[in-house]
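One structure is given below, encoded as structure tokens.
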2 protein chains.
Amino acid sequence: MLSTMHRDEFIKTLRTRGYKATPQRIAIYETLLEKEHPSVEEIYETIKKRFPSVSLTTVYQTLHLLADLGLVIELGFSDKSARFDTNIKPHINVICPSCGKITDYEDSSVQELWTHIRQKFANRPVTHRFDVYVPCDQCL
Amino acid sequence: MLSTMHRDEFIKTLRTRGYKATPQRIAIYETLLEKEHPSVEEIYETIKKRFPSVSLTTVYQTLHLLADLGLVIELGFSDKSARFDTNIKPHINVICPSCGKITDYEDSSVQELWTHIRQKFANRPVTHRFDVYVPCDQCL
DNA sequence: TTTCTTGCAAACACTTTGCATGCGG
DNA sequence: CCGCATGCAAAGTGTTTGCAAGAAA
């Protein structure tokens, strides 16, 4: 199972960086890998099935930690809903304007633009975020 | 002056669509054209110099109206700060990760990616948002 | 044992809503 | 003069903080 491998790497990363590998953190990270671009609320509800006493505070704190470690990217939206993405590679977030579903799209053209941009700005670009709004099949 | 032309177009657009051209709305729209990617607070403070009695409520309501009319794009960020962009054409928001300054970058490569994406998704894409994080000259 | 983490409650910032007054057309 | 727009106050939402109790190493 893919997430198992990630899980162990994750625990190692935490310890290496001086953080404790708590079951809550592991569960939150696994949820991020399993779900696609979950919201805070989605993560919270998922975790609560396994850890009924978990708090929203812990979810927020853990997400901040993961962002600091560079393991997730937080996508802020204008309707206040934040989504979290474990895909760090150059890609496009394909977002349905109706239902809000997000899927990743990777191909050479994205790579090319990113390469072009990096050259244009003397290799200074550190991160990116590309969103494209496309009605999904269900919503059409 | 560029904004004068925009101003009249704006008034016309409002009336055509059945909305009233109030001085507050005009001032808010002019602020959007003058400032680069202002926040709600920036717009509010700017408007207050000319209309000391203006309320934040009106600023929010007007920004929503402009977004509905397709005249501005709201850029939500993970730190909760929203910025507003009157540039509707395909472009990249070049954002400084330190100071948060945003400048637009347009060139053929962005157009090309957009064209490619539109073809790939059968012309369904409706909007986009491309952000690139690049430390600005001052912050380097 | 020691230090970091959790989870509760309260505080917070930003945004939205209800409603009476006011202004645009 | 009619109806939408404004602006105040209050409510709402999502997120953060302070702190005592608990768990990881």
Side-chain angles (χ1 to χ4, degrees), chain A residues 7-8 10-29 31 37-69 71-72 74-84 100, chain B residues 7-8 10-29 31 37-69 71-72 74-84 100:
Chain A
R7 202 192 102 108
D8 293 343
F10 175 61
I11 294 174
K12 198 178 148 194
T13 304
L14 282 177
R15 298 215 171 116
T16 305
R17 301 261 220 137
Y19 297 101
K20 292 180 178 170
T22 67
Q24 290 95 328
R25 284 177 177 166
I26 296 167
I28 289 167
Y29 188 68
T31 304
H37 309 83
S39 65
V40 174
E41 203 57 34
E42 266 177 279
I43 297 169
Y44 177 57
E45 292 303 331
T46 305
I47 304 302
K48 228 158 75 170
K49 289 173 191 158
R50 274 201 275 166
F51 299 89
S53 71
V54 82
S55 71
L56 256 179
T57 307
T58 299
V59 177
Y60 278 110
Q61 287 168 342
T62 301
L63 289 171
H64 290 160
L65 175 63
L66 296 181
D68 289 346
L69 294 173
L71 300 179
V72 297
E74 179 176 355
L75 302 173
F77 289 97
S78 35
D79 66 351
K80 258 73 240 163
S81 69
R83 301 295 204 84
F84 295 84
Chain B
R7 203 192 101 108
D8 294 343
F10 175 60
I11 294 174
K12 198 178 148 194
T13 304
L14 282 177
R15 298 217 172 115
T16 305
R17 303 261 219 135
Y19 298 101
K20 293 180 178 172
T22 66
Q24 291 95 328
R25 283 176 177 168
I26 296 166
I28 289 167
Y29 187 67
T31 304
H37 311 82
S39 65
V40 174
E41 204 57 33
E42 266 178 278
I43 297 168
Y44 177 58
E45 293 302 332
T46 305
I47 304 302
K48 229 159 72 169
K49 289 174 191 157
R50 275 201 273 165
F51 300 88
S53 71
V54 82
S55 72
L56 256 178
T57 307
T58 299
V59 176
Y60 277 110
Q61 287 168 343
T62 301
L63 289 171
H64 290 159
L65 175 62
L66 297 180
D68 289 346
L69 293 173
L71 300 178
V72 298
E74 179 175 357
L75 303 174
F77 289 97
S78 35
D79 65 352
K80 258 74 240 163
S81 67
R83 302 295 204 83
F84 295 85

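Below, chain A is the first sequence line, B the second, and so on; all start at residue 1.
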- prompt: Who are the side chain to side chain contact (heavy atoms under 4.5 Å, CB included) partners of A/Lys80, not counting sequence neighbours?
  reply: B/Glu74
- prompt: Is B/Gln61 near enough to D/dG7 that one of its side-chain N or O atoms lies under 4.0 angstrom from OP1 or OP2?
  reply: no
statement: B/Phe51 CZ to C/dG24 P, in whole Å, measures 10 Å
field: DNA chain D: 5'-proximal contact among A/Thr57 and A/Ala21 (nearest heavy atom)
entry: A/Thr57
field: Closest listed nucleotide, where the reference is the side chain of A/Gln24 and the choices are C/dT6, D/dA5, C/dT5
entry: C/dT6
- request: Take atom CD1 of B/Ile47 and atom P of D/dT6, then tell me their distance rounded to the nearest Å.
  value: 12 Å
message: Quick one: does any side-chain atom of A/Arg83 pair with a main-chain N or O of A/Gly100 as donor and acceptor, under 3.5 Å?
response: yes
- request: With heavy atoms under 4.0 Å as the rule, sort A/Thr22 into base, sugar-phosphate or nothing.
  value: sugar-phosphate
task: Starting from P on C/dC4, measure out to CD1 on A/Ile11 and report it in whole angstrom.
output: 20 Å
query: Which is true for A/Glu41 with a 4.0 Å heavy-atom rule: it touches a base, it touches only sugar-phosphate, or it touches nothing?
result: nothing
task: Name the closest nucleotide to the B/Pro23 side chain, picking from D/dA5, C/dG24, D/dC8.
output: C/dG24
- request: Using whole Å, report how far NZ of B/Lys48 lies from P of D/dG7.
  value: 12 Å
- prompt: Rounded to whole angstrom units, what separation is found between the CZ atom of A/Arg15 and the P atom of C/dT3?
  reply: 19 Å
message: Using a 4.0 Å heavy-atom cut-off, does A/Pro52 contact any base of the nucleic acid, only the sugar-phosphate backbone, or nothing at all?
response: nothing
field: pair A/Thr13-A/Tyr19: side-chain heavy atoms closer than 4.5 Å
entry: no
message: One pair to check against side-chain contact (heavy atoms from CB on, under 4.5 Å): A/Leu63 and A/Ile43. What are the steps and the verdict?
response: CA-CA 10 Å; A/Leu63 289 171; A/Ile43 297 169; 4.0 Å; yes
query: Whole-Å distance between C/dC14 C1' and B/Lys80 NZ?
result: 10 Å
field: Sugar-phosphate, base or nothing in reach of B/Ser53, heavy atoms under 4.0 Å
entry: sugar-phosphate
- prompt: Over how many whole Å does the gap from B/Phe77 atom CZ to C/dC14 atom P extend?
  reply: 15 Å
message: Within the 4.0 Å heavy-atom criterion, would you say A/Lys20 contacts the bases, only the backbone, or no part of the nucleic acid?
response: base
task: Figure out the CG/P separation between A/Asp79 and D/dT13, and round it to whole Å.
output: 14 Å
query: Does the side chain of B/Thr62 come within less than 4.5 Å of B/Gln24's, by heavy atoms?
result: no
